[in-house]
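These numbers come from the heavy atoms of this one structure, side chains and all, not from hydrogens, waters or symmetry mates. No experiment lies behind these values; they were computed from the predicted model shown.
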Amino acid sequence: MKKLRRSMLFIPGSNAAMLATSFVYRPDSVMFDLEDAVSLREKDSARLLVMHALQLSAYDGIEKVVRINPLDTLYGLSDLEAAVRGGADVIRLPKTDRPEDLYELEEQITRIEKECGRVEGSTGTMAAIESATGVVNAVDIACCSKRLIGIALAAFDYVMDMQTERGDGTELFYARCAILHAARVAGIDAFDVVYPDVNNDEGFLEEVSLIRKLGFNGKSLINPRQIELLHNAYAPSQEDVDYAHRVITAARQAEDKGLGVIALNGKMIDAPIINRAHSVIERANASGIRH
């Protein structure tokens, strides 16, 4: 089964309490943040805290992502050294504008893996798209590296670059579509932006409904109580599951009879519908039924 990446919970790298306890919320991924969530005077201490948190057995089964500072800053390479040596599953590179940004990252990761004895290629990468340049180059970015597991849209810097502000989602529609299409071309995952108003569950669920229908694999989160809401919204309904079982049963019966044409309730069933049915069952097994 393809790895579920519905929820990616941001955890400030300088917050020792959250680093030590956030596994209890069981997101699909945690993102230990060494960039925007950490003040300049806390960069070094946060790096050590994150390196320790990466080695906690309590996070087993949760994908561990580290957002480093850009490599052209004073902190980026030290962040990367600590993250890879600490055992991060994925490195999230902020402000990715072009493939060359990932080439440099990959070169450094390969060096560190060799030096610390990690299997070469075992550290994945994620590109955070935060500018108009990054959106325009999204396909090239998404296709440029075998290490890349996904691309993520980051809204705050993007809307600033576009000289607008967060609103009803209109301001992000083109960027979302561009990111999503690039991810699908490359066969990797696509992650949506953080929803900033943690007290507005209705607004959050409206945005989740939109990005789920568009096809995003998941969403970045800043509040752990959004995890259950998100996972439930991504779970299939009982109606979806019942129909998926009927499709799979019809396909098996047709195969047993040697029929080249599959029909269900008078409608033709083709390969994409069968594949989707299997996907629905897998999601139900992993997420339960939407309530």
If only atom types and distance count, is the side chain of [X] paired as donor or acceptor with the main-chain N or O of [Y] below 3.5 Å?
X	Y	result
Ser209	Leu205	no
Ser122	Arg118	no
Gln55	Met51	yes
Glu120	Thr110	no
Glu171	Gly169	yes
Arg147	Thr123	yes
Asp101	Arg98	yes
Arg6	Lys219	no
Asp89	Lys64	yes

Counterpart residues, side chain to side chain donor-acceptor pair (under 3.5 Å), relative to [X] (two or more places apart):
X	value
Asn223	none
Asn200	Tyr195
Asp161	none

Can you see which heavy atom on [X] is nearest to which on [Y], and at what distance?
X	Y	result
Arg26	Ala58	NH1-O, 3.5 Å
Arg92	Val65	CB-CG1, 3.9 Å
Ile151	Ala183	CD1-N, 3.9 Å
Gly13	Val38	N-CG2, 3.9 Å
Leu148	Ile141	CD2-O, 3.4 Å

Counterpart residues, salt bridge (Lys or Arg N to Asp or Glu O under 4.0 Å), relative to [X] (two or more places apart):
X	answer
Glu206	none
Asp201	Arg225
Asp240	none

Original post:
Should Val30 and Leu19 be counted in the same cluster of Ile, Leu, Val, Met, Phe, Trp and Tyr side chains packed under 4.5 Å apart?
Top reply: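 In one cluster: yes.
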For Tyr234, I'd like to know if atom OH has over 12 heavy atoms of other residues, nucleotides or ligands within 6.0 Å. yes
Quick note, side-chain hydrogen bond (donor to acceptor under 3.5 Å, both in side chains) partners involving residues 68-78, not counting sequence neighbours, are Lys43-Asn69, Asn69-Asp79
For residues 175-184, the side-chain hydrogen bond (donor to acceptor under 3.5 Å, both in side chains) pairs (sequence neighbours left out) are Arg176-Asp192, Arg176-Glu207, Arg184-Asn217
Practice problem: Please list, chain by chain and in numerical order, all residues satisfying ring pair (Phe, Tyr, Trp, His ring centres under 6.0 Å) with Tyr59, sequence neighbours excluded. | Solution: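 Result, ring pair (Phe, Tyr, Trp, His ring centres under 6.0 Å) vs Tyr59: Phe23, Phe32.
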In plain terms, say whether Arg85 and Glu81 are close enough for a salt bridge, that is, a side-chain N and a carboxylate O under 4.0 Å apart. yes
Exercise for review: Take Met126 and Leu93, measure what side chain to side chain contact (heavy atoms under 4.5 Å, CB included) needs, and give me the verdict at the end.
Suggested key: CA-CA 6 Å; Met126 180 189 304; Leu93 184 67; over 6 Å; no
With rounding to the nearest 0.5 Å, note down the distance linking [atom1] in [X] to [atom2] in [Y].
X	Y	atom1	atom2	answer
Met18	Leu49	CE	CG	13.0 Å
Glu106	Ser145	CD	OG	3.5 Å
Met162	Leu172	CE	CG	10.0 Å

Residues 122-141 vs salt bridge (Lys or Arg N to Asp or Glu O under 4.0 Å), sequence neighbours excluded, gives Lys95-Glu130
Residues 258-269 vs salt bridge (Lys or Arg N to Asp or Glu O under 4.0 Å), sequence neighbours excluded, gives none
Point to revise | Flag side-chain contact, heavy atom, 4.5 Å: Ile149 against Ile188 | key: no
Note to self: Test question: given the 4.5 Å side-chain rule for I, L, V, M, F, W and Y, name all other residues clustered with Met160, or answer none.
What the structure shows: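 Members alongside Met160: Phe156.
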